[in-house]
Amino acid sequence: MKHSICHYGFIPVRTEPRESAELCTQILFGETYEVLEQQGRWLRVSLDLDGYQGWIDAKLDWNDDEQEVLRWSRAKKWIVPWPSVKVVCKGEPHSTLLSAGSEIWVNGNELASFHIGTSEYHLDCDYLLNATPGIEAVAMSLFGAPYLWGGRSFYGIDCSGFTQLVYKIVGRNIPRDASQQIAIGTTLAPGEEPQLGDLAFFNSPAGNITHVGLCLGDRRIIHASGNVRIDWLDEKGIFSDQVNAYTHTLTTIKRL
């Protein structure tokens, strides 16, 4: 079927075609997706970023021309590196706050304006194309963001959405869920010290992978649990000074 581009700050993606269904992920501005089928006012879509599937409200689909989607997909992009960047749509009475990880078309070396189809957008302030921060700065820019199951933005994010988003901004696409992310990279040997950027995975009592966080080095880990926070990491798991207890049981650490 057809492909489309997200024209909103984000589009909620749900597990079933109804408003009350669980939020499973979000499509960020500039990301593309394929429409697989339609049921009434709902579209089942597959994200081109990671193949993740779910349902979106058909009213949020702009029904972009296939040639425009192809042009956009092939264009050089600037990945928004900070929690939010404001863009204004020419001729429209509103602006849009783009979350970190959103994709903006780069026209040569210019970033002041871009267009999707007939919509022309202008950045509300100046940004440097070569100003993409390092992985620790990207992670720390999301510090304090509230936890939201299925979220991928500063306004609400889950643990694997956090690690996926950080890696996307620094130039590497990884899978959406923790259970998928654990399949990539190289496992650290017993006793090997975690480094900045390593992913630590944690299991439930039943042995299922239920949590992931980003190692910062010096036995620190930043992860989305209640909010994006920094705790201590050792061979047992995550230790929280706030509750003076271990909160997650370590399964393995992977280096990407």
| Hey, are E16 and R44 close enough for a salt bridge, meaning a charged N less than 4.0 Å from a carboxylate O? | no

| Between R219 and D234, is there a side-chain N and carboxylate O pair less than 4.0 Å apart? | no

Show me the donor-acceptor pairs, under 3.5 Å and distance only, between side chains in residues 200-208 and residues at least two apart or in other chains.
residue : atom : partner : partner atom : Å
N203    : OD1  : T251    : OG1          : 2.6
S204    : OG   : A206    : N            : 3.3
S204    : OG   : N208    : N            : 3.3

| query | Side chains of S160 and Q181: donor-acceptor distance under 3.5 Å anywhere? | reply |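 Their side chains do not contain a donor-acceptor pair, so the 3.5 Å distance test is not met.
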
| request: Verify whether one side chain among W42 and D57 offers a donor that lies under 3.5 Å from an acceptor in the other. | output: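 Distance-only check fails for W42 and D57.
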
Student check: side-chain heavy atoms of [X] and [Y] closer than 4.5 Å:
X: F239; Y: N244; answer: yes
X: V45; Y: L36; answer: no
X: W232; Y: S240; answer: no
X: I253; Y: L233; answer: yes
X: F162; Y: I222; answer: yes
X: W82; Y: S141; answer: yes
X: L148; Y: Q26; answer: yes
X: Y167; Y: I135; answer: yes

Atom of [X], atom of [Y] and distance for their closest heavy-atom approach:
X: Y147; Y: C159; result: CE1-N, 3.7 Å
X: G54; Y: V13; result: CA-CG1, 3.4 Å
X: I230; Y: M140; result: CD1-SD, 3.6 Å
X: P81; Y: P133; result: CB-CD, 3.4 Å
X: I184; Y: P175; result: CD1-CD, 3.8 Å
X: T163; Y: G213; result: CG2-C, 4.1 Å

Short question: side chain of [X], backbone of [Y] - any donor-acceptor pair under 3.5 Å?
X: E68; Y: L70; answer: no
X: R152; Y: G161; answer: no
X: K254; Y: I182; answer: yes
X: S73; Y: V69; answer: yes

| message | Tell me if the aromatic rings of Y33 and Y52 count as close, with their centers under 6.0 Å from one another. | response | no

Is there a path of hydrophobic side-chain contacts, each under 4.5 Å between heavy atoms of I, L, V, M, F, W or Y residues, that connects [X] with [Y]?
X: L49; Y: L165; answer: no
X: I221; Y: V138; answer: no
X: L216; Y: I238; answer: no
X: V170; Y: I79; answer: yes
X: W62; Y: L43; answer: yes

| ring-ring contact (aromatic ring centres under 6.0 Å, His included), paired with F29, selected from Y121, F10, Y8 |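 Output: one option passes, namely Y121.
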
I'd like to check the salt bridge (charged side-chain N to carboxylate O under 4.0 Å, His left out) partners of [X]; sequence neighbours left out, ordered by chain and number.
X: D61; value: K2
X: D231; value: R229
X: K77; value: none
X: D198; value: R255

| query | Hey, mind stepping through W105 and K76 against side chain to side chain contact (heavy atoms under 4.5 Å, CB included) and telling me if it holds? | reply | CA-CA 6 Å; W105 180 46; K76 181 182 178 182; 5.5 Å; no

| query | What's the verdict on side chain to side chain contact (heavy atoms under 4.5 Å, CB included) for Y155 and S99, showing C-alpha distance, side-chain angles and the deciding distance? | reply | CA-CA 8 Å; Y155 306 103; S99 298; 3.9 Å; yes

Once rounded to the nearest 0.5 Å, what's the spacing between atom [atom1] of [X] and atom [atom2] of [Y]?
X: I157; Y: Q164; atom1: CD1; atom2: CD; answer: 9.0 Å
X: D64; Y: S119; atom1: CG; atom2: OG; answer: 8.5 Å
X: H223; Y: N227; atom1: NE2; atom2: CG; answer: 8.5 Å

| Hey, what's the ring geometry for H248 with H211, parallel, tilted or perpendicular (30° and 60° as the breaks)? | parallel

| task | Report the relative orientation of the aromatic rings in F114 and W72; use parallel for angles under 30°, tilted for 30 to 60°, perpendicular for over 60°. | result | tilted

| request: Could you walk me through whether D50 and I174 pass side chain to side chain contact (heavy atoms under 4.5 Å, CB included), step by step? | output: CA-CA 7 Å; D50 52 22; I174 65 174; over 6 Å; no

| request: Using side-chain contact (heavy atoms from CB on, under 4.5 Å) as the criterion, point out the one residue from T25, I27, L60 that pairs with P12. | output: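 It is L60, the one option of T25, I27, L60 that forms the side-chain contact (heavy atoms from CB on, under 4.5 Å) with P12.
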
| query | Tell me the salt bridge (charged side-chain N to carboxylate O under 4.0 Å, His left out) pairs involving residues 163-189, sequence neighbours left out? | reply |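 Sorted result for residues 163-189: E31-K168, E103-K168, D158-R176.
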
| said: Can you confirm whether Q242 is buried at CD, in the sense that more than 12 heavy atoms of other residues, nucleotides or ligands lie under 6.0 Å from that atom? | reply: no

| Can you check side chain to side chain contact (heavy atoms under 4.5 Å, CB included) on H3 and D48, steps first, answer last? | CA-CA 9 Å; H3 284 75; D48 291 331; 3.2 Å; yes

